[in-house]
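Proteins come first, then strands; the chains are lettered A, B, ... in the order of their sequence lines, and each starts at number 1.
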2 protein chains.
Amino acid sequence: MATKTAKPEAVSLPLNEILAGDCIEVMRGLPAGSVDLIFADPPYNLQLRGELHRPDNSRVDAVDDHWDQFASFAAYDRFTRDWLAEAQRILKPNGAIWVIGSYHNIFRVGAALQDQGFWILNDVVWRKANPMPNFRGKRLTNAHETLIWASRSEGAKYTFNYEALKALNEGVQMRSDWVLPICTGSERLKDAAGDKAHPTQKPESLLHRVLVATTNPGDVVLDPFFGTGTTGAVARMLGRSFIGIEREEGYRRIAAERIARVRPYDRSALEITTSKRAEPRVPFGTLVERGMLRPGEVLVSPRGQTAKVRADGTLAADRMTGSIHQVGAHYEGAPSCNGWTYWHFKREGKMVPIDLLRQQIRAEMDRPQAH
Amino acid sequence: MATKTAKPEAVSLPLNEILAGDCIEVMRGLPAGSVDLIFADPPYNLQLRGELHRPDNSRVDAVDDHWDQFASFAAYDRFTRDWLAEAQRILKPNGAIWVIGSYHNIFRVGAALQDQGFWILNDVVWRKANPMPNFRGKRLTNAHETLIWASRSEGAKYTFNYEALKALNEGVQMRSDWVLPICTGSERLKDAAGDKAHPTQKPESLLHRVLVATTNPGDVVLDPFFGTGTTGAVARMLGRSFIGIEREEGYRRIAAERIARVRPYDRSALEITTSKRAEPRVPFGTLVERGMLRPGEVLVSPRGQTAKVRADGTLAADRMTGSIHQVGAHYEGAPSCNGWTYWHFKREGKMVPIDLLRQQIRAEMDRPQAH
DNA sequence: TTACAATCTGAATCCATGC
DNA sequence: CGCATGGATTCAGATTGTA
């Protein structure tokens, strides 16, 4: 949890540390292909920071005419493309990124992500349960922020814990709109004067959902705009490693203290609901080899179609032979068919899906074995 | 309501007509500074690959129309900037624009709007009450689309009927997220074969809210991607004038017939009836995300059974895991169980049902909202 | 006629693995 | 790289069919 300066020549990953400095420069010192996930909450105020420059590098003092507006957009785009390029380099090939923003900056970030070759997986709306009203009544209450979830490149095998998110949502597929409260109360960090320590502290519930959805325990999560360390705090709770980058000394100190106070959850509590896809593949032929089904035995479909088991683990139907899936698809006239749930066999007068036999084999495989 | 070709030399506005042709060329024939509002539903550039089937093997009818095909992001950007330039020219100085899109295109549209000097007022999220699920379980349900509302330039005195929208929202400020159903049932236009006439017809409720919010009776609304004319139909209902531009003859014909059937509202009929929302469903996982219960914390049943909370909102018991309801039913040997009243946690020495926490969340959510 | 059940569908960047 | 194959995967609402 120490705060230290990144060494550009470092090759090993500085895990669970908050690195001091400009995020682009610090990222240049991190090794390529080393991080599983990036969560980024970049600055989006185009005027306040005074760090934006025109293409000729002159400072933008005031954004009050069309040219300055364009110049500041261009400068913001350059900044965005620079940090995204480093982010992409640091990510593992199958890594992914989340970026959060509002209408001031998110469209520019999204276009930059696409131009850079990131592949957008979802845009997610954080619907704030208790937003600040629009006091002047001149616009709609700005009641949401937008997150973009993108893989490093098209075709990457990104992490998505589908069943865990479905469980989080009471058994119904998680949607792209998330209703969560803003960060208030005791969760909101205060400075010595009792004022809020950071203007845009994100709620831990938001990071909880992001990290449960798209990382596994032990993964490395990088946050290049660390602020007061919400990403690090939730990563630690959830048994993930983090790397934080933050320029402001004050934020680094608050974040380090905050994270030191975090008590990680029990390992057993971090196990999540997994999908069938993660289970080992069992060839149908194994059932025949083990004598659970005899060659010559007849399987029956829900609609009464029949097929005969052969010694090599294929099925023989009237006019064709093939795998349990192929014969099922043939009978249904369907593009595909899950033969495990389609075919049934008779035991004690009842029709039982052959998937039950697969489950028995998997249960045997799950028993602890000598090592 | 006639369908006719735009004359480039025309100076007077062709009100309540559907102009035939490419929207950029037709817009070039319209006079500068003449339109109060533009509503645009441009092609999304979906870039779909192969076929997609539902789990029941039925095929999803994809948007694979020729008008949604673009060679590259660069080609899409050129197209976007071209039609936006004409849109800006045609708008009155205090005019405004709405553009709707998905993550495939909206970031590029938003950046182009900003670059062109439009001034974004809000981004609005249309939260679909009944979206199509993600059938393969590889991403989140894509449950929303994004609208951008922007004035022609910074400082423009745009129209915003704050009180009307507040009234639409049970007396509370309208938020930037709108929950509306997708266009189905009798509202969805069908062709002679009984199939949907247009693949992406928008619901009238969406246009109703847009036009009530940002136009006054008598205003002129231009829709450069008119399709089957939802904008025109709602404009006519609400006593606004419209100009439609549509390239496809078939869509123009359907739109003209549709609009001819519209009966404009009486002024007094503009009152809307609002129904009380059903009590919102609160997933148990929300309590974990929000830190009301910690992963690893032990819940207790009235008979002393225990189970441990996991990070994804499931419970772990001795020999099983599952939802709060499933584990409760397991312990009771019952077919079902209301986990909310069954499970308790300890606070200040007392056992408290977890339903109390759900009630706290509902109290937050029950504040009147967009629906 | 009513009630319930079965069927259909919606702007979708929707698989993983081995040969 | 392409191609073949195993086999995992859905929610709300409207419409149609049946008792």
Side-chain angles (χ1 to χ4, degrees), chain A residues 114 118-123 149-151 154-155 157-158 160 162-163 166 169-176 274-285 313-314 322-329 334-343 354-355 358, chain B residues 41-65 67-70 73 100-106 126 128-146 179 181-188 190 194-196 198-203 225 227 281:
Chain A
Q114 292 179 311
F118 287 96
W119 194 247
I120 298 182
L121 300 167
N122 278 115
D123 60 335
W149 173 37
S151 61
E154 185 180 356
K157 296 191 184 92
Y158 55 91
F160 180 51
Y162 174 76
E163 292 292 343
K166 193 171 168 177
N169 198 32
E170 292 242 302
V172 181
Q173 202 173 76
M174 185 68 81
R175 298 167 41 115
S176 58
T274 56
S275 79
K276 272 190 190 173
R277 268 189 283 252
E279 295 182 37
R281 174 175 291 193
V282 176
F284 175 70
T314 57
S323 71
I324 53 173
H325 316 294
Q326 288 168 335
V327 177
S336 71
C337 170
N338 184 341
W340 290 106
T341 54
Y342 183 75
W343 293 109
I354 59 174
D355 199 38
R358 182 171 64 162
Chain B
D41 182 10
Y44 287 9
N45 188 24
L46 284 188
Q47 308 171 68
L48 303 178
R49 302 281 195 254
E51 290 194 333
L52 179 65
H53 292 87
R54 298 185 182 81
D56 65 4
N57 272 322
S58 62
R59 197 176 69 85
V60 174
D61 185 14
V63 178
D64 51 6
D65 305 70
W67 46 256
D68 199 42
Q69 310 298 325
F70 292 83
F73 281 134
I100 183 169
S102 67
Y103 68 83
H104 309 84
N105 71 322
I106 198 64
W126 168 26
K128 300 181 185 181
N130 47 348
M132 184 161 72
N134 184 291
F135 295 116
R136 305 297 291 266
K138 301 305 291 182
R139 302 182 180 190
L140 303 162
T141 307
N142 204 345
H144 74 276
E145 294 188 24
T146 302
V179 179
I182 60 178
C183 183
T184 58
S186 60
E187 188 187 326
R188 189 89 195 210
K190 306 291 195 300
D195 299 320
K196 57 189 175 191
H198 192 284
T200 70
Q201 185 182 342
K202 295 294 175 288
F225 307 97
R281 190 174 51 86

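With its glycosidic angle more than 90° from 0, D/dT10 adopts the anti conformation.
With sequence neighbours excluded, the residues forming a ring-ring contact (aromatic ring centres under 6.0 Å, His included) with B/F70 are B/Y76, B/F79, listed by chain and number. Scored by the salt bridge (charged side-chain N to carboxylate O under 4.0 Å, His left out) test, B/D64 finds no partners at all (sequence neighbours excluded). For A/K166, the salt bridge (charged side-chain N to carboxylate O under 4.0 Å, His left out) test picks out no residue, with sequence neighbours left out. For A/D355, the salt bridge (charged side-chain N to carboxylate O under 4.0 Å, His left out) partners are A/R358, not counting sequence neighbours.
Both A/S275 and A/R175 lie close to DNA chain D; mapped to their nearest nucleotides by heavy-atom distance, the more 5′-ward contact belongs to A/S275. When each of A/R281 and B/R136 is assigned the nucleotide of DNA chain C bearing its nearest heavy atom, the one mapping closer to the 5' terminus is B/R136. Heavy-atom nearest nucleotides on DNA chain D were determined for B/G185 and for B/P55, and the one closer to the 5' end corresponds to B/P55.
The separation between A/R277 atom CZ and D/dT5 atom C1' is 16 Å, rounded to whole Å. Taking atom CD of B/Q201 as the reference point, atom P of D/dA14 lies 15 Å away to the nearest angstrom. Distance CG (B/N134) to P (D/dC11): 10 Å, rounded to an integer number of Å. Rounded to an integer number of Å, the gap from NZ of A/K276 to C1' of D/dG7 is 10 Å. B/I182 has its CD1 atom 10 Å from the P atom of D/dA14, to the nearest Å. With rounding to whole Å, B/R59 atom CZ is found 18 Å from D/dT9 atom C1'. We find that CG of B/D56 is positioned 17 Å from P of D/dA8, with the value rounded to whole Å. Per the geometry, CD belonging to A/Q173 stands 10 Å off P belonging to D/dA12, to the nearest Å.
Counting only Watson-Crick or G-U wobble pairs whose defining distances are both under 3.5 Å, the stems of 3 or more consecutive pairs in DNA chain D are C:2-10 with D:11-19, C:15-19 with D:2-6.
Between B/P42 and B/N105, the closest heavy-atom pair is CG-ND2, 4.3 Å. B/F73 approaches B/H104 most closely through the heavy-atom pair CE2-O, 4.4 Å.
Applying the 4.0 Å criterion to OP1 and OP2 of D/dT9, one finds that A/K166 has every side-chain N and O outside that range. Residue A/H325 places none of its side-chain N or O atoms closer than 4.0 Å to OP1 or OP2 of D/dG6. Of the side-chain N and O atoms in A/R358, one or more sit less than 4.0 angstrom from OP1 or OP2 of D/dA8.
When DNA chain C is scanned in the 5' to 3' direction for atoms under 4.0 Å from non-hydrogen atoms of chain B, the outermost contacting nucleotides are C/dT9 to C/dA16.
Defined by atom type and a distance below 3.5 Å, a donor-acceptor pair is missing between the side-chain atoms of A/H325 and A/S323.
When the P atom is compared between D/dA8 and C/dT17, the two are found 13 Å apart, to the nearest whole Å. With P as the reference atom, D/dT5 and C/dC14 are 23 Å apart, rounded to whole Å.
Between A/Y158 and A/W149, the distance from one ring center to the other falls under 6.0 angstrom.
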